[in-house]
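Take a look at the structure below.
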Amino acid sequence: AQKITQTQPGMFVQEKEAVTLDCTYDTSDPSYGLFWYKQPSSGEMIFLIYQGSYDQQNATEGRYSLNFQKARKSANLVISASQLGDSAMYFCATREDYKLSFGAGTTVTVRA
Amino acid sequence: DTGVSQDPRHKITKRGQNVTFRCDPISEHNRLYWYRQTLGQGPEFLTYFQNEAQLEKSRLLSDRFSAERPKGSFSTLEIQRTEQGDSAMYLCASSHVTGALTDTQYFGPGTRLTVL
């Protein structure tokens with residue numbers, strides 16, 4: 001079974017600054033996918049960004065970028081130019097075969 | 001294109017009662033998943049369907065839980081004889097399977113169950 005570790009339970013960031021959310025994973029599968037989801041207080045899980053284990057370049061999607069270090073089994077999410085609407089819970093997940101395995105999440109609070 | 005919808009959004013029930021939740025996936029998606037999320041944790045996989053076939057069930061899914069997807073479209077999740085430990089957010093997701101690892105699962109808003 002895969003294990004996902006998010007060591008930061010909560011983080012504060014000033015509006016317009018960048019924030020990095022840590023994620024490490026443990027898998028023996030040579031081929032896997034890494035995902036980040038955002039969960040606002042309303043509860044819906046919103047897909048943010050994807051990284052494949054064989055992708056040579058780090059994924060980017062607007063203000064989101066993924067710092068993928070395969071040898072370290074690390075897939076950190078960087079949110080640039082934080083906005084008040086970024087305040088939410090963020091989950092890292094891996095996909096092996098059909099199902100997602102999630103970490104415990106990191107709460108991000110953006111301060112004005 | 002509408003997203004994944006779930007009904008009801010909130011359910012409060014008494015211990016021992018049966019409850020049923022519904023999920024409507026994105027229309028062209030052939031896979032449908034159910035997850036459960038307890039407070040302060042990430043979602044945990046419960047089961048999934050490819051079209052109308054239920055292909056995998058987690059050990060978390062006790063015999064009080066049953067899920068169906070009768071025509072390969074919407075799905076229902078029923079919990080019989082609810083217990084207080086069943087209180088959680090039940091999330092549904094769907095995806096269009098192409099065989100690539102990039103098959104992204106899109107989630108609905110969830111059904112929050114409270115068992116008194």
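Chain A is the first sequence line, chain B the second, and so forth, proteins listed ahead of strands; every chain is numbered from 1.
- When side chains are defined from C-beta on, A:Y50 does not count as touching B:D103, because their heavy atoms never get closer than 4.5 Å.
- Counting heavy-atom neighbours within 6.0 Å of B:L39 CG, excluding the residue itself, gives a total of 12 or less.
- Proximity to chain B (any heavy atom under 4.5 Å) is shown, for A:Q6, by neither the backbone nor the side chain.
- Looking only at side-chain heavy atoms (C-beta outward), B:Q105 and A:Y37 come within less than 4.5 Å of each other.
- Across all non-hydrogen atoms, the minimal contact from B:P43 to A:M45 is CG-CE, 3.9 Å.
- By the neighbour-count criterion of 12 heavy atoms within 6.0 Å, atom CZ of A:R63 is densely surrounded, having more than that number from other residues, nucleotides or ligands.
- Closest heavy-atom contact between B:M89 and A:G43: CE-CA, 4.0 Å.
- Annotation: the span from B:R31 atom CZ to A:K99 atom NZ amounts to 13.0 Å, rounded to 0.5 Å.
- Residues B:Q37 and A:F91 meet the side-chain proximity criterion, which asks for heavy atoms closer than 4.5 Å.
- Separating the CD atom in A:Q39 from the CG atom in B:L91 is a distance of 6.5 Å, to the nearest 0.5 Å.
- Both the backbone and the side chain of A:Y98 come within less than 4.5 Å of a heavy atom in chain B.
- A pairwise comparison of heavy atoms in B:Y35 and A:L100 identifies OH-N, 3.1 Å as the closest pair.
- Across every non-hydrogen atom of A:F102 and B:G42, the tightest pair is CB-CA, 4.1 Å.
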